[in-house]
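Below: the structure, in C-alpha cells.
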Amino acid sequence: MRSLADSVSTAEAYLRPRGSMPAAAAKIPNKIGVLIADDHRLFAETLEALLATDERIHVVGHAHDGREAVDRTVKLKPEVVLMDIDMPLMDGFEATRRILERRAGTCILMLTGSNSREDVDRARQAGAAGYVTKDRIAGELVEAILEVAAR
C-alpha cells in the first residue's frame, strides 16, 4: 500500500515498515468488515475471492458506483472500504469525502490502475487512509487492510 504522503514512484512508500504487520494484526479481535466499491463486477469478485483466503477479513458487501458505496457504507458499517477511483454516478474521491462525513472512523483504501501524483493528491485530500495500485493488489491488499483496520 502506498502512503499518500510519499512519492508514488518509490517502492518503499508504505504506511508501515516491513515486518510490523504481525503485531498490528494481532490487535484485531474480530473479522474486519470490508466493502468493495468497484464498477467492474469481475474485478470485484476477484477481490472478494482473494480476501476470502484470509480468515481475518469478511466482505460485507459490494457497491457498483460511488453513490451506492456511500449508501452501503452507512448501512453496513464496514471498517474498511476498498474504493475504486473511477466509477459511474460519483467518483471514488467524492464518495470517500461523503463517507467520511457520515462515518468518520471508516478507513478507505483507494484502488486504481493509475500511478499518477494527481490521483494520490486527490485521494489524500478526500481523506483516504491509503492507496493501492491494481497491479500490486495480490501482494499487498490483505496487509494494507490489516494495517488500516488496526489504527
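Bear in mind the structure is a predicted one, so any value in this text is a computation, not a measurement. Only this structure's heavy atoms are used, side chains among them; waters, hydrogens and symmetry mates stay out.
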Evaluate salt bridge (charged side-chain N to carboxylate O under 4.0 Å, His left out) for Arg124 paired with Asp119, printing each intermediate quantity in order. CA-CA 9 Å; Arg124 181 186 317 115; Asp119 285 347; over 6 Å; no
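Here the CG-OG1 distance, from Asp91 to Thr96, works out to 8.5 Å after rounding to the nearest 0.5 Å. The line from CG of Leu35 to NZ of Lys77 is 12.5 Å long, rounded to the nearest 0.5 Å. Atom CZ of Arg72 is separated from atom CD1 of Ile36 by 12.0 Å, given to the nearest 0.5 angstrom. Between atom NE2 of residue His40 and atom CG of residue Leu47 there is a gap of 12.0 Å, rounded to the nearest 0.5 Å. The structure places CD1 of Ile99 at 10.5 Å from CD of Glu101, a figure rounded to the nearest 0.5 Å. Interatomic distance, Leu51 CG to Lys31 NZ, rounded to the nearest 0.5 Å: 11.5 Å.
Ion pairing of Arg98 with Asp71 is absent here, as no side-chain N (NZ or NE/NH1/NH2) approaches a carboxylate O to less than 4.0 Å.
Heavy-atom minimum distance, Ala95 versus Gly66: CB-O, 3.7 Å. Nearest heavy atom pair, residue Leu100 against residue Thr106, reads CD2-O, 3.3 Å.
Under the side chain to side chain contact (heavy atoms under 4.5 Å, CB included) rule, Tyr131 has a single partner from Thr112, Ile108, Leu111, which is Thr112.
Distance alone, capped at 3.5 Å, places no donor-acceptor pair between the Arg122 side chain and the Phe93 backbone. Looking at Asp84, its side chain never comes within 3.5 Å of a backbone N or O of Met87 through a donor-acceptor pair. No donor-acceptor distance shorter than 3.5 angstrom exists from the side chain of Glu94 to the backbone of Met90, with no hydrogens or angles considered. Judged purely by atom type and a 3.5 angstrom limit, Glu79 has no side-chain atom pairing as donor or acceptor with the backbone of Ile32.
Between the side chains of His62 and Glu45, no donor-acceptor pair of N or O atoms lies under 3.5 Å.
Asp54 pairs by the side-chain contact (heavy atoms from CB on, under 4.5 Å) definition with Arg56, Ile57, Val142, not counting sequence neighbours.
Residues Pro88 and Asp65 form a side-chain contact, since some pair of their non-hydrogen atoms from C-beta on lies under 4.5 Å apart.
A chain of hydrophobic side-chain contacts below 4.5 Å, direct or via other Ile, Leu, Val, Met, Phe, Trp or Tyr residues, connects Met83 to Leu76.
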